[in-house]
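Provided herewith is a single structure, encoded as structure tokens, for subsequent inquiry.
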Amino acid sequence: MPLRTLVVDDEPVARKVLREELESIGDVEIVGEADNGVSALEQIAAHRPDLVLLDLQMPGMGGLDVVRGGARLPAIVIVTAYDKYALEAFEAGAVDYLLKPIGQERLAEAVARARRVSGREAVERLAHLQEIADPVSGPLPRKIVGKVGEEYFLLNAGEIFAFQADGDIVWIVTAKRKYMATQTLKVLEQRLGNTSFQRIHRNALVNVDHVRKMSALSSQRWLITLSNDQEFIASKRQARSVRQLLSW
């Protein structure tokens with residue numbers, strides 16, 4: 001019998017990669033995709049998959065929220081860019097964990113492991129995993145995926161100076177180079193909530209830890225200079241929040 005599998009990830013590129021890699025593995029049937037936790041629970045109830053490849057870090061309802069909110073869940077393979085938390089989730093009860101970017105060989109191993117898990121063992125693993133799905137847990141450390149050509153890079157939030165939108169493309173600015181982001185600026189802002197990143201313009205999100213100088217252009221205009229000498233002009237709409245940086 002094919003292993004009925006649901007892919008859950010808020011990143012379209014990540015879902016596409018997982019789907020393509022799964023299609024090359026024999027006896028796997030992809031029953032659907034979900035880009036958020038609410039949709040994931042709906043599709044789990046509708047399709048009753050045998051396996052869910054579940055991204056931990058999604059805006060709104062994240063992966064552990066799905067685990068906590070599901071009454072009848074199948075085997076879970078955690079998908080994340082953060083290895084420490086993935087390992088903790090695996091040790092707690094996930095069938096396996098996959099670190100982004102995901103290779104075909106590693107994905108095939110996770111699928112094979114999911115096939116070997118018996119019904120009783122899957123239930124026991126899920127019960128342990130739900131125990132760590134604590135709503136009072138602090139925010140997860142973040143990894144940002146950047147693309148250069150056909151290569152994907154995992155970046156620490158602290159090494160990123162800014163995100164800058166140019167039409168439909170969002171650039172990740174670091175000290176040494178630029179990367180193309182795999183998410184929109186809005187999604188990045190949501191995922192980096194309660195961190196050092198702040199929106200200063202509809203096209204720019206900067207890391208305030210890398211702000212070196214602020215110059216008042218007018219009562220409602222600020223020129224922000226980062227430690228790599230890149231300059232941004234804050235919009236009037238963001239002027240009040242930008243001024244608050246001076247009281248840090």
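Residue numbers run from 1 in the order of the sequence given.
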Original post:
So which residues get pulled into Met180's cluster when ILVMFWY side chains under 4.5 Å apart are joined, directly or through others?
Top reply: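 Reading the cluster by chain and number, Met180 sits alongside Ile169, Trp171.
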**OP:** With Glu33 as reference, evaluate Lys16, Arg19, Gln43 under the side-chain hydrogen bond (donor to acceptor under 3.5 Å, both in side chains) test and give the passing residue.
**Re:**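 Testing Glu33 for a side-chain hydrogen bond (donor to acceptor under 3.5 Å, both in side chains) against Lys16, Arg19, Gln43 leaves exactly one candidate, Arg19.
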Original post:
Of Ile102, Val8, Thr5, which is the lone residue that meets side chain to side chain contact (heavy atoms under 4.5 Å, CB included) with Leu53?
Top reply: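 Considering Ile102, Val8, Thr5, a side chain to side chain contact (heavy atoms under 4.5 Å, CB included) with Leu53 is found only for Thr5.
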Original post:
Mind checking whether Ile224 and Val173 sit in one hydrophobic cluster, side chains of I, L, V, M, F, W, Y counted as touching below 4.5 Å?
Top reply: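 Same cluster: Ile224 reaches Val173 through Ile, Leu, Val, Met, Phe, Trp or Tyr contacts under 4.5 Å.
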Subject >> Test item: Pro74 and Leu51 side chains (from C-beta on) under 4.5 Å apart, heavy atoms >> reply: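 The answer is no; the side chains never approach within 4.5 Å.
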Original post:
Between atom CD of Glu105 and atom CG of Leu107, what is the distance when rounded to the nearest 0.5 Å?
Top reply: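 So the gap between those two atoms works out to 11.0 Å.
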Subject >> CA sep, side-chain torsions, deciding dist, call: Tyr179, Ile144, side-chain contact (heavy atoms from CB on, under 4.5 Å) >> reply: CA-CA 10 Å; Tyr179 304 83; Ile144 305 298; over 6 Å; no
Original post:
With a 4.5 Å limit on heavy-atom distance, are the side chains of Thr80 and Gln57 in contact?
Top reply: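 Yes, their side chains come closer than 4.5 Å.
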Original post:
Of all heavy-atom pairs between Ser39 and Ala34, which one has the smallest distance, and what is that distance?
Top reply: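 For Ser39 and Ala34, the tightest heavy-atom pair comes out as OG-CB, 3.6 Å.
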Original post:
Between CG of Asp9 and CG of Leu56, what distance do you get to the nearest 0.5 Å?
Top reply: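 Rounded to the nearest 0.5 Å, the CG-CG separation comes to 10.0 Å.
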Original post:
Can Asp55 and Arg15 be counted as an ion pair, charged N to O under 4.0 angstrom?
Top reply: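 Looking at Arg15 together with Asp55, the answer is no, because their closest N to O distance does not fall below 4.0 Å.
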Original post:
Under 3.5 Å, side chain of Asn156 to main-chain N/O of Glu159, donor-acceptor pair present?
Top reply: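 A pair under 3.5 Å: no.
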Original post:
Are any side-chain N or O atoms of Asn228 and backbone N or O atoms of Gln230, one a donor and one an acceptor, separated by less than 3.5 Å?
Top reply: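 At least one qualifying donor-acceptor pair exists.
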Original post:
Below 4.5 Å, heavy atoms only, C-beta onward: do Met61 and Val66 meet side chain to side chain?
Top reply: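 Sidechains of Val66 and Met61: in contact.
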Original post:
Does one hydrophobic cluster hold both Val79 and Val145, with members joined at side-chain heavy-atom distances below 4.5 Å?
Top reply: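 Val79 and Val145: separate clusters.
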Subject >> Considering all heavy atoms, the nearest Ala45-Arg48 contact >> reply: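 It is O-NE, 3.6 Å.
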Original post:
Is the backbone N or O of Tyr97 less than 3.5 Å from a side-chain atom of Arg106, with the two atoms forming a donor-acceptor pair by type?
Top reply: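 Checking the backbone N and O of Tyr97 against the side chain of Arg106, a donor-acceptor pair under 3.5 Å is found.
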Original post:
Atom CD1 in Ile233, atom CH2 in Trp222: separation rounded to 0.5 Å?
Top reply: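 CH2 of Trp222 is found 13.5 Å from CD1 of Ile233.
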Subject >> Interatomic spacing from CG in Leu185 to CG in Leu192 - rounded to 0.5 Å >> reply: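 Going from CG on Leu185 over to CG on Leu192, the span is 10.0 Å.
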Subject >> Validation row: Val111, Arg115 side chains within 4.5 angstrom (heavy atoms) >> reply: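 SC-SC contact between Val111 and Arg115 confirmed.
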**OP:** Look up atom NZ in Lys100 and atom OG1 in Thr182, then write down how far apart they are to the nearest 0.5 Å.
**Re:**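 If I round to the nearest 0.5 Å, the distance is 7.5 Å.
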Original post:
Does Asn207 use its side chain to pair, donor to acceptor, with the backbone of Ile160 at less than 3.5 Å?
Top reply: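 Confirmed, Asn207 side chain pairs with Ile160 backbone.
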Original post:
If every non-hydrogen atom of Phe161 is compared with every non-hydrogen atom of Ser227, which pair is closest and at what distance?
Top reply: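 For Phe161 and Ser227, the tightest heavy-atom pair comes out as CE2-OG, 3.0 Å.
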Original post:
What's the spacing between Leu22 CG and Gln104 CD if we round to 0.5 Å?
Top reply: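 It is 9.5 Å, given to the nearest 0.5 Å.
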**OP:** For the residue pair Val52 and Val77, establish whether any side-chain heavy-atom pair is separated by less than 4.5 Å.
**Re:**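 No - every pair of side-chain heavy atoms lies 4.5 Å or more apart.
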Original post:
Which is it for Lys147 and Val13 under the side-chain contact (heavy atoms from CB on, under 4.5 Å) test, yes or no, and what are the steps along the way?
Top reply: CA-CA 11 Å; Lys147 183 179 180 182; Val13 172; over 6 Å; no
**OP:** Please work out whether the ring planes of Phe197 and Phe163 are parallel, tilted or perpendicular, with thresholds of 30° and 60°.
**Re:**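 The rings of Phe197 and Phe163 sit tilted, inter-plane angle from 30° to 60°.
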**OP:** Sort and list the pairs that fulfil salt bridge (charged side-chain N to carboxylate O under 4.0 Å, His left out) and have at least one residue in residues 168-178, not counting sequence neighbours.
**Re:**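 Qualifying pairs, neighbours excluded: none.
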Subject >> Hydrophobic cluster identity match, Val170 and Phe153, side-chain contacts under 4.5 Å >> reply: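 Yes, because Val170 and Phe153 connect within a single hydrophobic cluster, where side-chain heavy atoms sit under 4.5 Å apart.
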**OP:** Let me see the working for Leu226 and Val211 under side-chain contact (heavy atoms from CB on, under 4.5 Å), right down to the final yes or no.
**Re:** CA-CA 4 Å; Leu226 303 183; Val211 172; 3.8 Å; yes
Original post:
Is Tyr152 reachable from Val187 through a run of I, L, V, M, F, W or Y residues, each pair having side-chain heavy atoms under 4.5 Å apart?
Top reply: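 No: no chain of side-chain contacts under 4.5 Å links Val187 to Tyr152.
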Subject >> Derivation and outcome, side-chain contact (heavy atoms from CB on, under 4.5 Å), residues Asn36 and Asp10 >> reply: CA-CA 6 Å; Asn36 60 74; Asp10 66 311; over 6 Å; no
Subject >> Ion pair Arg212/Asp229, N-O distance below 4.0 Å >> reply: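 Counted as a salt bridge, because a side-chain N and a carboxylate O are separated by less than 4.0 Å.
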Subject >> Closest heavy-atom pair and its distance - Ile172, Gly146 >> reply: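 For Ile172 and Gly146, the tightest heavy-atom pair comes out as CD1-CA, 3.8 Å.
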Original post:
His47 side chain to Pro49 main-chain N or O, any donor-acceptor pair under 3.5 Å?
Top reply: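 No; judged by distance alone, with no hydrogens or angles, the pair does not exist.
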